[in-house]
Amino acid sequence: MKNKLIRLAKFIAAGGIASRRAAERLIMAGRVKVNGITVKEPGRKINPNRDHVEVDQNTVEALEKKYYLLFKPKGCLTTVSDPFGRPTVMDFFPAKIKKGLFPVGRLDMDTEGLLLLTNDGKLAFRLTHPRFQVPKKYFVTVKGAPSLKDLRKLSKGVLLEDGLTSPAEVKVASQQKKGTSLIMTLREGKKRQVKRMCLAIGHPVLFLKRVAFAFLNLEGLRPSDYRALTRKEIRKLKELVDLM
Ligand code: URA
């Protein structure tokens with residue numbers, strides 16, 4: 001957390017103890033101490049790095065924001081936990097990092113590639129909201145050889161059961177005997193969108209990998225590897241969705 005002053009109620013709420021409103025009530029009820037002294041003004045500013053805050057004698061720890069990039073391998077679910085005990089994307093993180101972390105959007109079990117995970121709900125919400133049009137780039141191998149007309153359909157918009165897809169960039173990467181590899185960039189994230197789009201033009205997906213999310217890519221990572229985002233990357237992501 002940066003070395004700046006924040007409102008006491010906000011700090012308590014960020015620590016996950018109570019909502020902002022409830023934190024204000026705890027303060028006014030005299031249940032909160034700052035450096036051992038009861039403080040009754042919710043608007044009081046504190047320095048999260050220096051001041052010691054307690055609610056009912058329990059220390060409030062500053063909730064550190066975490067931002068990770070995982071090269072999701074095939075064969076695991078994009079979820080925090082699975083009632084059937086199947087492998088999930090959380091299995092790649094040690095307990096300390098895993099706490100509070102959740103995936104930003106989702107990749108199917110048989111899809112591999114770049115997945116962001118964070119405990120920053122505000123950023124995650126915006127990154128997945130269609131209003132912000134964050135580009136997601138996929139390497140897709142489809143069965144057969146789509147015609148130019150098919151490719152144009154993919155890029156202009158395909159009618160799916162939940163509506164018309166937004167304009168997408170579609171390029172042919174290579175052609176093989178068994179199929180055609182495409183690079184598709186989408187700016188929305190409907191469920192199983194790439195697979196449904198390709199199926200709608202009659203060319204089912206054989207292989208799917210997300211190779212980029214906004215300006216982030218998988219450089220230097222192998223399947224199952226993860227890394228923390230740099231401060232610069234976090235700032236750029238926030239700027240992208242008007243959070244800076
Ligand atoms: N589109 C899909 O169909 N599946 C994914 O996992 C991601 C995008």
Side-chain angles (χ1 to χ4, degrees), residues 68-82 84 86-93 101-118 123-144 146 150-174 178-218 221-226 237 240-241:
Y68 285 89
L69 186 164
L70 169 72
F71 187 155
K72 177 197 175 295
K74 277 184 198 172
C76 59
L77 293 168
T78 307
T79 181
V80 170
S81 67
D82 178 51
F84 301 106
R86 289 171 293 181
T88 78
V89 292
M90 306 311 293
D91 298 346
F92 301 101
F93 294 90
L101 214 59
F102 58 83
V104 177
R106 75 187 277 284
L107 293 176
D108 298 332
M109 186 138 180
D110 58 352
T111 300
E112 61 180 59
L114 199 162
L115 184 71
L116 286 181
L117 295 103
T118 182
L123 179 66
F125 176 77
R126 291 192 176 207
L127 286 174
T128 49
H129 197 289
R131 173 155 80 95
F132 294 99
Q133 303 251 307
V134 177
K136 280 143 295 212
K137 195 190 251 187
Y138 297 89
F139 178 87
V140 194
T141 305
V142 296
K143 197 170 171 191
D150 290 333
L151 296 175
R152 214 171 294 130
K153 263 195 224 160
L154 283 183
S155 62
K156 288 218 146 117
V158 178
L159 189 57
L160 302 177
E161 60 202 8
D162 47 354
L164 193 66
T165 59
S166 307
E169 280 161 43
V170 182
K171 286 185 206 143
V172 175
S174 63
K178 62 169 177 135
T180 306
S181 294
L182 310 171
I183 303 286
M184 290 177 64
T185 305
L186 310 186
R187 290 173 184 272
E188 57 181 346
K190 295 180 193 293
K191 211 169 170 207
R192 303 181 67 248
Q193 184 165 346
V194 173
K195 289 181 190 160
R196 290 192 295 140
M197 286 172 77
C198 296
L199 194 61
I201 59 154
H203 295 276
V205 167
L206 303 173
F207 174 80
L208 182 56
K209 175 180 182 180
R210 182 151 72 191
V211 291
F213 185 103
F215 54 87
L216 297 165
N217 60 40
L218 291 167
L221 298 180
R222 285 170 309 178
S224 311
D225 282 350
Y226 68 84
L237 273 185
L240 207 62
V241 294

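In listed order, ligands and their atoms are each counted from 1. Note that this is a predicted model, so its numbers are computed, not measured.
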Residues lining ligand 1 [heavy-atom distance under 4.0 Å, listed by chain and residue number]: Leu107, Asp108, Thr111, Tyr138, Arg192, Gln193, Val194, Lys195, Leu208
Ring pair (Phe, Tyr, Trp, His ring centres under 6.0 Å) partners for Phe102, two or more places apart: none
Set of ring pair (Phe, Tyr, Trp, His ring centres under 6.0 Å) partners for Tyr226, sequence neighbours left out: Tyr68, Phe93
More than 12 heavy atoms from other groups under 6.0 Å of CZ on Phe125: no
Closest non-hydrogen atom pair, Cys198 against Leu154: N-CD2, 4.3 Å
For Ser81, all residues meeting side-chain contact (heavy atoms from CB on, under 4.5 Å), sequence neighbours excluded: none
Partner of Asp108 by salt bridge (charged side-chain N to carboxylate O under 4.0 Å, His left out), out of Lys209, Lys72, Lys195: Lys195
